[in-house]
Amino acid sequence: MKAELHTQPFISLILARRSQEGFTLLELLVVMVIIGMLSAIAMPSFLSQSNKARQAEAKTYVGAINRAQQAYFTEKSAFGTLSDLAMGLSDSRNYTYASVPSGAGTSAIASTTAVPIGTVRGYAGRVWIGVMSDGNATSWSIVCEGTPTAVPTIVGTVCP
(Lines give C-alpha, C1' and ligand atoms only; values in the text may rest on other atoms or scores of the structure.)
Protein backbone atom coordinates (compact mmCIF):
# COMPACT_ATOMS: atom_id res chain seq x y z
CA MET A 1 0.00 0.00 0.00
CA LYS A 2 2.89 2.35 0.70
CA ALA A 3 4.24 1.89 -2.83
CA GLU A 4 0.91 3.03 -4.26
CA LEU A 5 0.98 6.22 -2.24
CA HIS A 6 4.33 7.23 -3.65
CA THR A 7 3.51 6.51 -7.32
CA GLN A 8 0.15 8.32 -7.32
CA PRO A 9 1.60 11.88 -7.06
CA PHE A 10 4.25 11.01 -9.67
CA ILE A 11 1.60 9.88 -12.20
CA SER A 12 -0.49 13.01 -11.60
CA LEU A 13 2.62 15.14 -12.14
CA ILE A 14 3.29 13.43 -15.51
CA LEU A 15 -0.36 13.82 -16.61
CA ALA A 16 -0.40 17.47 -15.56
CA ARG A 17 2.81 18.13 -17.47
CA ARG A 18 1.51 16.42 -20.64
CA SER A 19 -1.67 18.52 -20.64
CA GLN A 20 0.46 21.69 -20.62
CA GLU A 21 2.66 20.63 -23.54
CA GLY A 22 2.24 22.47 -26.86
CA PHE A 23 4.16 23.83 -29.81
CA THR A 24 7.00 26.21 -29.26
CA LEU A 25 7.16 29.54 -31.02
CA LEU A 26 10.04 28.28 -33.14
CA GLU A 27 8.04 25.26 -34.33
CA LEU A 28 5.11 27.49 -35.26
CA LEU A 29 7.39 29.87 -37.18
CA VAL A 30 8.95 26.99 -39.13
CA VAL A 31 5.47 25.75 -40.14
CA MET A 32 4.44 29.26 -41.19
CA VAL A 33 7.59 29.67 -43.30
CA ILE A 34 6.93 26.34 -45.03
CA ILE A 35 3.31 27.32 -45.76
CA GLY A 36 4.52 30.68 -47.10
CA MET A 37 7.00 28.99 -49.43
CA LEU A 38 4.38 26.59 -50.74
CA SER A 39 1.98 29.48 -51.34
CA ALA A 40 4.65 31.46 -53.18
CA ILE A 41 5.27 28.51 -55.46
CA ALA A 42 1.60 27.68 -56.08
CA MET A 43 0.15 31.19 -56.50
CA PRO A 44 1.68 32.03 -59.94
CA SER A 45 0.50 28.68 -61.28
CA PHE A 46 -3.01 29.33 -59.98
CA LEU A 47 -3.12 32.83 -61.48
CA SER A 48 -1.88 31.51 -64.81
CA GLN A 49 -4.61 28.88 -64.90
CA SER A 50 -7.33 31.41 -64.08
CA ASN A 51 -6.09 33.70 -66.89
CA LYS A 52 -6.17 30.75 -69.30
CA ALA A 53 -9.80 30.10 -68.34
CA ARG A 54 -10.71 33.75 -68.95
CA GLN A 55 -8.94 33.67 -72.31
CA ALA A 56 -10.74 30.46 -73.28
CA GLU A 57 -14.01 32.38 -72.86
CA ALA A 58 -12.92 34.99 -75.40
CA LYS A 59 -11.54 32.50 -77.89
CA THR A 60 -14.78 30.48 -77.72
CA TYR A 61 -16.98 33.57 -78.08
CA VAL A 62 -15.02 34.96 -81.05
CA GLY A 63 -15.19 31.55 -82.75
CA ALA A 64 -18.94 31.34 -82.09
CA ILE A 65 -19.46 34.85 -83.50
CA ASN A 66 -17.48 33.87 -86.60
CA ARG A 67 -19.72 30.82 -87.14
CA ALA A 68 -22.83 32.93 -86.59
CA GLN A 69 -21.56 35.43 -89.18
CA GLN A 70 -21.11 32.59 -91.68
CA ALA A 71 -24.65 31.36 -91.06
CA TYR A 72 -26.03 34.90 -91.26
CA PHE A 73 -24.25 35.47 -94.59
CA THR A 74 -25.70 32.23 -95.97
CA GLU A 75 -29.19 33.45 -95.12
CA LYS A 76 -28.93 37.20 -95.86
CA SER A 77 -26.02 37.44 -98.35
CA ALA A 78 -24.37 39.97 -96.03
CA PHE A 79 -22.63 39.97 -92.67
CA GLY A 80 -24.36 41.55 -89.69
CA THR A 81 -23.57 43.39 -86.48
CA LEU A 82 -23.42 41.56 -83.19
CA SER A 83 -27.01 42.53 -82.41
CA ASP A 84 -28.15 41.33 -85.88
CA LEU A 85 -26.77 37.87 -85.10
CA ALA A 86 -29.15 37.53 -82.10
CA MET A 87 -26.76 35.22 -80.27
CA GLY A 88 -27.51 36.41 -76.77
CA LEU A 89 -23.81 37.08 -76.09
CA SER A 90 -22.99 40.07 -73.95
CA ASP A 91 -19.90 41.67 -72.51
CA SER A 92 -18.40 39.89 -69.52
CA ARG A 93 -16.24 40.92 -66.57
CA ASN A 94 -13.19 40.06 -68.67
CA TYR A 95 -14.00 41.17 -72.24
CA THR A 96 -16.00 43.59 -74.36
CA TYR A 97 -17.20 42.07 -77.66
CA ALA A 98 -17.94 43.73 -81.00
CA SER A 99 -18.49 42.55 -84.57
CA VAL A 100 -18.45 44.97 -87.49
CA PRO A 101 -19.40 44.06 -91.08
CA SER A 102 -17.95 45.81 -94.12
CA GLY A 103 -18.04 45.39 -97.90
CA ALA A 104 -20.56 43.49 -100.00
CA GLY A 105 -20.69 40.38 -102.14
CA THR A 106 -17.37 38.59 -102.48
CA SER A 107 -15.65 41.60 -100.86
CA ALA A 108 -17.65 41.24 -97.63
CA ILE A 109 -15.75 40.99 -94.35
CA ALA A 110 -16.87 40.76 -90.72
CA SER A 111 -14.31 41.70 -88.07
CA THR A 112 -14.88 40.62 -84.46
CA THR A 113 -12.92 41.76 -81.40
CA ALA A 114 -12.72 40.64 -77.79
CA VAL A 115 -11.19 43.66 -76.05
CA PRO A 116 -9.68 42.59 -72.72
CA ILE A 117 -10.57 44.17 -69.40
CA GLY A 118 -7.49 43.63 -67.25
CA THR A 119 -4.31 41.74 -68.02
CA VAL A 120 -5.69 38.94 -70.18
CA ARG A 121 -4.93 38.53 -73.90
CA GLY A 122 -7.08 40.15 -76.56
CA TYR A 123 -8.62 38.22 -79.47
CA ALA A 124 -9.73 39.14 -82.97
CA GLY A 125 -11.68 37.20 -85.54
CA ARG A 126 -12.42 37.71 -89.18
CA VAL A 127 -14.83 36.11 -91.64
CA TRP A 128 -14.53 36.72 -95.37
CA ILE A 129 -15.87 35.37 -98.65
CA GLY A 130 -13.47 33.62 -100.96
CA VAL A 131 -13.98 32.35 -104.48
CA MET A 132 -12.79 28.81 -105.08
CA SER A 133 -10.99 27.69 -108.24
CA ASP A 134 -14.26 26.26 -109.59
CA GLY A 135 -15.92 29.70 -109.29
CA ASN A 136 -18.05 28.90 -106.21
CA ALA A 137 -17.93 31.28 -103.26
CA THR A 138 -17.34 30.06 -99.72
CA SER A 139 -16.77 31.69 -96.36
CA TRP A 140 -13.55 31.47 -94.40
CA SER A 141 -12.79 32.46 -90.84
CA ILE A 142 -9.83 32.97 -88.53
CA VAL A 143 -9.34 33.66 -84.80
CA CYS A 144 -6.12 35.38 -83.67
CA GLU A 145 -4.65 35.76 -80.19
CA GLY A 146 -3.02 39.03 -79.17
CA THR A 147 -0.70 40.00 -76.38
CA PRO A 148 -1.85 40.70 -72.83
CA THR A 149 -4.15 43.75 -72.79
CA ALA A 150 -4.03 44.12 -76.63
CA VAL A 151 -6.24 42.96 -79.50
CA PRO A 152 -4.34 41.82 -82.59
CA THR A 153 -4.90 43.62 -85.89
CA ILE A 154 -5.69 41.14 -88.64
CA VAL A 155 -4.42 42.24 -92.03
CA GLY A 156 -5.75 40.18 -94.89
CA THR A 157 -6.39 36.56 -93.99
CA VAL A 158 -3.53 35.71 -91.63
CA CYS A 159 -2.85 36.31 -87.96
CA PRO A 160 -0.14 38.83 -87.10
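What you see below is based on every heavy atom in this structure, not just the backbone, and it leaves out hydrogens, waters and symmetry mates. Computed from a predicted structure; not experimentally measured.
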Same cluster or not: V120 versus V151, using hydrophobic residues (I, L, V, M, F, W, Y) connected whenever any side-chain heavy atoms lie under 4.5 Å apart? no

Quick one: does P101's side chain get under 4.5 Å of T81's, heavy atoms only? yes

Would you say that S111 contacts S102 through its side chain, given a criterion of any heavy-atom pair below 4.5 Å between the two side chains? no

State, to 0.1 Å, how close N66 and S141 come at their nearest heavy-atom pair, and which atoms those are. ND2-CB, 3.9 Å

Does one side chain, of S99 or Q69, offer a donor that lies under 3.5 Å from an acceptor on the other? yes

Starting from F73, can I reach W140 by hopping between I/L/V/M/F/W/Y residues whose side chains sit under 4.5 Å apart? no

Shortest non-hydrogen separation from G118 to T149 and the atoms involved: O-CG2, 3.1 Å

In the structure I gave you, are the side-chain heavy atoms of R126 and T157 within less than 4.5 Å of one another anywhere? no

Can you find a heavy atom in the side chain of I129 that is under 4.5 Å from one in the side chain of F79? yes

Check for a donor-acceptor pair, side chain of S107 on one end and backbone N or O of G103 on the other, with a separation under 3.5 Å. no

Using side-chain heavy atoms (C-beta onward) and a distance below 4.5 Å, is L82 in contact with I65? yes

So S83 and L85, do their side chains get closer than 4.5 Å, heavy atoms only? no

Could you check if a side-chain atom of P116 sits within less than 4.5 angstrom of a side-chain atom of R121, using non-hydrogen atoms only? no

How long is the gap from NZ on K59 to SG on C144, to the nearest 0.5 Å? 10.5 Å

Are V31 and L28 packed together at the side-chain level, in the sense that at least one heavy-atom pair is separated by less than 4.5 angstrom? no

If I take atom CE from residue M32 and atom CE from residue M37, how far apart are they, to the nearest 0.5 angstrom? 13.0 Å

Can any side-chain N or O of E75 pair as donor or acceptor with the backbone N or O of Y72 at less than 3.5 Å? no

Is V62 reachable from V127 through a run of I, L, V, M, F, W or Y residues, each pair having side-chain heavy atoms under 4.5 Å apart? no

For the pair Y61 and Y97, evaluate ring-ring contact (aromatic ring centres under 6.0 Å, His included) and give the outcome as yes or no after the intermediate values. CA-CA 9 Å; Y61 277 17; Y97 299 96; 5.2 Å; yes

Under a 3.5 Å distance rule, please check whether S92 uses its side chain to pair with a backbone N or O of N94 as donor and acceptor. yes

